[in-house]
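Just so it is clear: chains get the letters A, B, ... in the order the sequence lines come, proteins before strands, and each one is counted from 1.
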Number of protein chains: 2
Amino acid sequence: MTARNYGQYCGVVSALELVGERWALLIVRDLLVGPRRYGDLKKGLPRIPTNILSTRLKELQQAGVVRRVPLAHGLVYDLTEYGRGLEDVVLALGRWGFQAMGEQGEDEIVTPDSMTMAFRTAFTPDVARSQPATVYEVHIGDIVLTLSVDELGLTVARGSTTPGIATGGANLVFAASPRIHEIISGELSPESAIAGGTVRILDGDAALLEQFALAFHLEPAPGAVRAIAV
Amino acid sequence: MTARNYGQYCGVVSALELVGERWALLIVRDLLVGPRRYGDLKKGLPRIPTNILSTRLKELQQAGVVRRVPLAHGLVYDLTEYGRGLEDVVLALGRWGFQAMGEQGEDEIVTPDSMTMAFRTAFTPDVARSQPATVYEVHIGDIVLTLSVDELGLTVARGSTTPGIATGGANLVFAASPRIHEIISGELSPESAIAGGTVRILDGDAALLEQFALAFHLEPAPGAVRAIAV
DNA sequence: CGGGATCCCTTAGGATACTG
DNA sequence: CAGTATCCTAAGGGATCCCG
């Protein structure tokens with residue numbers, strides 16, 4: 001344990017000693033969406049070995065980042081207020097990492113929680129404030145997220161808000177491939193996304209996709225590496 | 001290599017695959033201060049094994065984060081523009097980790113580069129804008145940093161700007177222990193810091209320490225864990 | 001079935017020595 | 001000074017098993 005300390009009196013080092021181990025920040029990423037059971041976390045991070053998930057959760061508890069909350073039956077893990085302070089870190093990482101995502105790999109999955117945090121990352125409140133309040137229902141594979149944008153900001157909920165009638169709550173319902181990435185980066189315009197089949201409008205006003213592209217936008221950094229050599 | 005991939009199409013994952021390995025972000029932290037030679041990096045990160053430093057630098061180059069720059073004699077490592085985009089990540093980590101720093105440990109060192117980034121983290125431009133332009137010269141152990149604050153922001157330089165006459169450039173010159181941490185967190189007021197010996201005014205107007213404490217401030221988060229059990 | 005604990009094996013990473 | 005080359009420990013990966 002002594003050998004694995006960085007040995008510096010520094011904020012960055014303190015942070016890395018608490019959440020710098022493998023998988024730790026991905027657990028935090030999912031918990032930023034909401035409290036999760038052990039099994040939820042495992043489902044959201046399929047490649048994590050169960051012993052690692054177990055030890056990370058213990059470490060995060062000891063660090064005061066995560067808390068076990070007993071439930072009616074079972075229990076959930078939840079971020080403490082202190083742990084919630086990691087949102088800035090996760091969003092900053094997501095923003096920077098967005099540039100290097102490139103195309104979706106064969107073995108790369110997309111999860112509801114990672115998509116939720118991705119939309120939170122891409123959301124630009126300043127732009128959204130000048131828009132009318134809008135509800136988007138986005139389908140990506142079998143993931144359904146409802147994005148509610150208003151002057152207060154963004155709320156992401158899992159599933160459709162109106163399970164019966166599609167247009168009950170959402171102003172725009174659309175299905176997208178993970179190439180929605182290119183809409184958010186601005187590489188693909190909303191029109192050509194619809195034309196090219198990346199986006200399929202299921203209900204509502206297709207013109208709202210323009211508004212969506214403005215509210216959810218991440219500038220690609222110059223010099224970003226698109227393809228990592230393997 | 002396949003086993004060490006997180007296997008998710010997600011910005012946070014992409015970022016962690018590029019800079020999430022041990023020591024990587026600390027190398028980036030130091031390079032954010034300026035280009036550094038291999039030996040400089042080693043000096044700034046005394047606990048890093050040389051083979052790890054070597055492989056990290058190669059990985060960071062391949063990721064497009066770091067670039068080798070040949071010099072008149074020798075060479076330096078420098079961040080690419082893309083790598084410089086990690087500043088937000090490092091500052092967010094530093095801000096969050098600041099809460100958990102507590103007292104300086106026996107085996108914990110402070111380096112010029114980590115202090116430089118710490119001041120950049122604690123700097124609050126909004127407050128500083130309402131202050132007159134000021135130059136602080138801070139001595140911490142044998143580290144000397146010159147902090148120039150004006151309406152454009154903060155510039156941190158190593159050493160004294162005026163090697164001959166102490167007051168030539170700096171409005172306030174003071175020596176501080178690493179407990180300067182408590183001034184930045186607000187736990188220790190400037191007056192009591194001087195009274196208690198945490199800060200020793202070497203030159204200039206002692207009242208400027210109040211202004212310093214306002215310009216460099218990090219709010220401690222509630223629920224932060226101060227002492228990590230070992 | 002949720003919530004882990006245990007096992008074994010591979011490999012990253014720590015310590016040190018050595019070289020162009 | 002700027003890195004390789006070793007050797008070795010311990011963290012992480014993968015599968016399986018356990019317990020209420």
> What nucleotide among D:dC1, C:dG14, D:dG3 has an atom nearest to a side-chain atom of B:Tyr77?
Replying inline: D:dG3
>> At less than 4.0 Å, is any side-chain N or O atom of B:Tyr6 found next to OP1 or OP2 of D:dG12? Yes or no.
In response: no
>> When you measure from the centre of the six-membered ring of A:Tyr6, is the NZ or CZ of B:Arg22 closer than 6.0 Å and no more than 45° off the axis?
In response: yes
> Can you check whether A:Thr55 has a side-chain N or O nearer than 4.0 Å to OP1 or OP2 of D:dA11?
Replying inline: no
> Using the C1' atoms of five pairs at each end, what's the angle between the two axes of the helix from C:dC1-D:dG20 to C:dT19-D:dA2, to 10 degrees?
Replying inline: 30°
>> What verdict does the ring-ring contact (aromatic ring centres under 6.0 Å, His included) test give for A:Phe174 and A:Tyr136, after you've listed the backbone C-alpha separation in whole Å, the side-chain angles of each residue and the deciding distance to 0.1 Å?
In response: CA-CA 8 Å; A:Phe174 66 95; A:Tyr136 307 92; 7.1 Å; no
> Counting only side-chain N and O atoms of A:Arg37, is one of them less than 4.0 Å from OP1 or OP2 of C:dG3?
Replying inline: yes
> Checking all strands, does A:Ile48 fall into the base, sugar-phosphate, or nothing category for heavy-atom contacts under 4.0 angstrom?
Replying inline: nothing
> Is a side-chain donor-acceptor pair under 3.5 Å present for B:Ser160 with B:Glu137?
Replying inline: yes
>> Taking any heavy-atom pair under 4.0 Å as a contact, classify B:Gly39: base, sugar-phosphate, or nothing.
In response: sugar-phosphate
> Passes salt bridge (Lys or Arg N to Asp or Glu O under 4.0 Å), B:Arg84 versus B:Glu81? Steps please.
Replying inline: CA-CA 5 Å; B:Arg84 216 167 299 284; B:Glu81 191 177 348; over 6 Å; no
> When you look at A:Val66 and A:Asp78, which way does the side chain to side chain contact (heavy atoms under 4.5 Å, CB included) test go after all the steps?
Replying inline: CA-CA 6 Å; A:Val66 160; A:Asp78 196 5; over 6 Å; no
>> So, OP1 or OP2 of C:dA12: does either fall under 4.0 Å of a side-chain N or O from B:Trp23?
In response: no
> Counting any heavy atom closer than 4.0 Å, what does B:Leu75 reach on the DNA or RNA strands: base, sugar-phosphate only, or nothing?
Replying inline: sugar-phosphate
> When you check the gap from the basic side-chain N to the acidic O, do A:Arg95 and A:Glu219 get nearer than 4.0 Å?
Replying inline: no
>> At less than 4.0 Å, is any side-chain N or O atom of B:Arg22 found next to OP1 or OP2 of C:dG14? Yes or no.
In response: yes
>> Quick check: do B:Trp96 and B:Leu91 have side-chain heavy atoms less than 4.5 Å from each other?
In response: no
> NA contact type, B:Lys58, heavy-atom cut-off 4.0 Å: base, sugar-phosphate, or nothing?
Replying inline: sugar-phosphate
> With no angle test and no hydrogens, is the base of C:dG14 tied to the side chain of B:Asn51 by a donor-acceptor pair under 3.5 Å?
Replying inline: yes
>> Can you say whether a donor on the side chain of A:Thr50 sits under 3.5 Å from an acceptor on the base of C:dA5, or the other way round?
In response: yes
